[in-house]
Amino acid sequence: MSLLARTADAIAGLLSPWLFLGVSASCLPRTVLNLLRERRFAVLLSPRALRDAWFGEFWGRIAGPNIRLNAAERVVPLLEGRTAAGRVLLEDEVSACPPVAGVVLEVGAGSGLWVDVFPSFVAEGFGAVSSPEAGTDVRRRGAQRSSSGSKGITRVYGVEPNRDQHPSLRKAIARAGLEDVYRIVPVGIEELDDSSKWDGRVEKGSVDCIVSILCLCSIPDPEKNIRELYRYLKKGGRWYVYEHVRCEYSWYMRLYQRLLNVFWPHFIGGCLLCRQTEKTLREAGPWEKIDVGQPPIEPWYQAVPHILGVFTK
Ligand SMILES: C[S@@+](CC[C@H](N)C(=O)[O-])C[C@H]1O[C@@H](n2cnc3c(N)ncnc32)[C@H](O)[C@@H]1O
């Protein structure tokens, strides 16, 4: 690639987060109009509730599906256990990590953008078998998993406190045929074991796998709550992570990210850019194995860098 093309790419990459904020801002008038039409005046008067409704509109309708398209080539292999040091394994590379299985906690399920990936991992006799939306690759790998005899998913708890996301999440569950497997938990992770807050309870030490996709940036008090989530995992349980994190690679990108972060949470539903999520996860408790890294496709001008990988307890 020529120097000119590389410079143009870098400029576009550096500006793209501002465009993202602009697109979010453009969803606010529509959100307000919808709320007026639905006569949900109380939401308009509560900054927190309005923020949730705005984020539901922006993420569910615009940002989420685009990110889903772009990130699927990393997230699907992640859930299949086919990543190492932040990169996706090649076809002929042997995976050292099993796919998601057993009792799964999907943290911050949002509008259910990843629900269609789960059917191919569901254990035999536990409901859905395949989803029309999932790619053939996912179905093929699901079939490989079944024939290799590994245990499949028996239950998914989709933890999502933003009720504005629930109608879309419910539709995604129905489309995937997962009504008997996937249960929406309508509270934040901090209230998971509080049966006075929802009509269910998840016991500490009962979860086989945690899946967190772009959500640890939004949870309150991450040090405390990630440590709490760690306690829900069984010994040997796995935490599959795809999260955006603080820039660590150059002082000017760290500075640039900090500048972005002044505006970001106000437009993106409280999401914070500068969290050291890998460090927080590492310090959540003792891990038997950690295999995580930044995806190699991310360039030096990535203002919203990610970590991808699996922590095994
Ligand atoms: C950026 S969205 C990502 C949603 C989804 N994982 C996806 O990739 O489309 C972050 C989600 O985390 C949720 N969230 C915020 N606070 C939370 C909490 N305390 N517990 C669980 N989820 C939370 C938000 O409501 C939001 O839906």
Side-chain angles (χ1 to χ4, degrees), residues 17 20-21 23-24 27 31 48-76 78-79 100 104-118 133 156-173 176 182-194 197-198 200 202 207 209-230 232 239-245 261 264-273 275 277 280 304 306-308:
F20 196 67
L21 296 185
V23 175
S24 175
C27 290
T31 309
R48 176 63 206 254
L50 177 59
R51 191 188 79 175
D52 279 357
W54 175 15
F55 183 72
E57 169 75 17
F58 170 60
W59 193 265
R61 220 170 49 81
I62 299 177
N66 280 315
I67 290 176
R68 167 78 174 72
L69 264 183
N70 184 272
E73 60 191 37
R74 288 173 290 288
V75 172
V76 173
L78 170 73
L79 301 184
V100 275
V104 176
L105 206 65
E106 186 186 8
V107 186
S111 54
L113 289 173
W114 299 100
V115 168
D116 67 336
V117 182
F118 290 121
E133 281 81 16
V156 184
Y157 291 104
V159 186
E160 182 45 66
N162 182 347
R163 288 172 187 265
D164 285 294
Q165 310 251 36
H166 290 184
S168 311
L169 180 53
R170 237 175 262 120
K171 278 186 204 150
I173 295 166
Y182 197 111
R183 167 133 199 228
I184 300 177
V185 179
V187 296
I189 45 159
E190 58 282 10
E191 292 174 341
L192 249 186
D193 64 347
D194 185 345
K197 294 287 166 55
W198 67 290
V202 180
V207 170
C209 295
I210 294 178
V211 171
S212 67
I213 303 169
L214 305 174
C215 64
L216 299 180
C217 49
S218 305
I219 62 168
D221 201 347
E223 280 77 17
K224 175 171 169 280
N225 284 320
I226 289 176
R227 225 180 302 121
E228 274 294 289
L229 275 174
Y230 173 90
Y232 283 93
W239 191 327
Y240 298 74
V241 188
Y242 178 65
E243 294 287 348
H244 67 76
V245 292
N261 196 47
W264 194 269
H266 304 293
F267 288 80
I268 316 289
C271 162
L272 290 163
L273 282 182
R275 285 200 168 160
T277 301
T280 313
V304 189
H306 296 84
I307 53 164
L308 179 79

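Because the structure is a prediction, the values reported are computed rather than measured. Ligands are counted one by one from 1 in listed order, and the atoms in each one are counted from 1 as well.
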*Asks:* Any idea which protein heavy atom is nearest atom 19 (N) of ligand 1, and the distance to it?
*Replies:* E190 OE1, 3.0 Å
*Asks:* Strictly under 4.0 Å, does any heavy atom of C271 approach an atom of ligand 1?
*Replies:* no
*Asks:* Atom 7 (C) of ligand 1: which protein heavy atom is closest, and how many Å away?
*Replies:* W59 NE1, 3.6 Å
*Asks:* Is I184 close to Q165 at the side-chain level, that is, under 4.5 Å between some pair of heavy atoms?
*Replies:* no
*Asks:* Going by the atom numbers of ligand 1, which of them fall below 4.0 Å from some non-hydrogen atom of I213?
*Replies:* 3 (C), 5 (C), 6 (N), 8 (O)
*Asks:* May I ask you to list the atoms of ligand 1 that are less than 4.0 angstrom from any heavy atom of S218?
*Replies:* 10 (C), 15 (C), 16 (N)
*Asks:* Heavy-atom distance under 4.5 Å between the side chains of P220 and N225, does that happen here?
*Replies:* yes
*Asks:* Test E191 against V185 for side-chain contact (heavy atoms from CB on, under 4.5 Å), laying out the working first.
*Replies:* CA-CA 10 Å; E191 292 174 341; V185 179; over 6 Å; no
*Asks:* Would you mind checking which non-hydrogen protein atom is closest to atom 20 (N) of ligand 1, with the distance to 0.1 Å?
*Replies:* I189 N, 3.0 Å
*Asks:* Answer yes or no: is there a side-chain heavy-atom contact under 4.5 Å between F55 and D164?
*Replies:* no
*Asks:* Could you give me the CA-CA distance, side-chain angles and deciding distance for T280 and L216, then say whether side-chain contact (heavy atoms from CB on, under 4.5 Å) is met?
*Replies:* CA-CA 10 Å; T280 313; L216 299 180; over 6 Å; no
*Asks:* Give the intermediate values and the outcome of side-chain contact (heavy atoms from CB on, under 4.5 Å) for residues I67 and W59.
*Replies:* CA-CA 9 Å; I67 290 176; W59 193 265; 3.5 Å; yes
*Asks:* Find out whether H244 and C271 are in side-chain contact, i.e. whether some heavy atom of one side chain is under 4.5 Å from a heavy atom of the other.
*Replies:* yes
*Asks:* Begin from the C-alpha positions of W239 and I226 and carry the test side-chain contact (heavy atoms from CB on, under 4.5 Å) through to its verdict.
*Replies:* CA-CA 11 Å; W239 191 327; I226 289 176; 3.9 Å; yes
*Asks:* Considering non-hydrogen atoms of the protein only, which is the closest contact for atom 13 (C) of ligand 1, and what is the distance?
*Replies:* E160 OE1, 3.7 Å
*Asks:* How about V117 and R68: do any of their side-chain heavy atoms sit closer than 4.5 Å?
*Replies:* yes
*Asks:* Is there side-chain contact between I213 and L113, with at least one heavy-atom pair below 4.5 Å?
*Replies:* no
*Asks:* Would F55 count as being in polar contact with ligand 1, using the rule that some N or O on each side must be under 3.5 angstrom apart?
*Replies:* no
*Asks:* Check each atom of ligand 1 against the heavy atoms of L214 and keep those under 4.0 Å away; list them by number with element.
*Replies:* 1 (C), 2 (S), 3 (C), 10 (C)
*Asks:* Distance under 4.0 Å to a non-hydrogen atom of C215: what atoms of ligand 1 satisfy this?
*Replies:* 10 (C), 12 (O)
*Asks:* List ligand 1 atoms under 4.0 Å from N162, heavy atoms only on the residue side.
*Replies:* 25 (O)
*Asks:* Using heavy-atom distances only, which candidate in G56, G108, G110 approaches atom 12 (O) of ligand 1 most closely?
*Replies:* G108
*Asks:* Using a 4.0 Å cutoff against the non-hydrogen atoms of G188, which atoms of ligand 1 qualify?
*Replies:* 18 (C), 19 (N), 20 (N)
*Asks:* Decide yes or no for W264 and V304: does some side-chain heavy atom of the first lie under 4.5 Å from some side-chain heavy atom of the second?
*Replies:* yes
*Asks:* Using a 4.0 Å cut-off to any heavy atom of W114, which atoms of ligand 1 qualify?
*Replies:* 7 (C), 8 (O)
*Asks:* Within the structure, is a non-hydrogen atom of P161 found at a distance of less than 4.0 Å from ligand 1?
*Replies:* yes
*Asks:* Under a 4.0 angstrom heavy-atom cut-off, which atoms of ligand 1 come close to Q165?
*Replies:* 27 (O)
*Asks:* With backbone taken as N, CA, C and O and side chain as the heavy atoms from C-beta onward, which portion of R68 lies under 4.0 Å from ligand 1: side chain, backbone, both, or neither?
*Replies:* neither
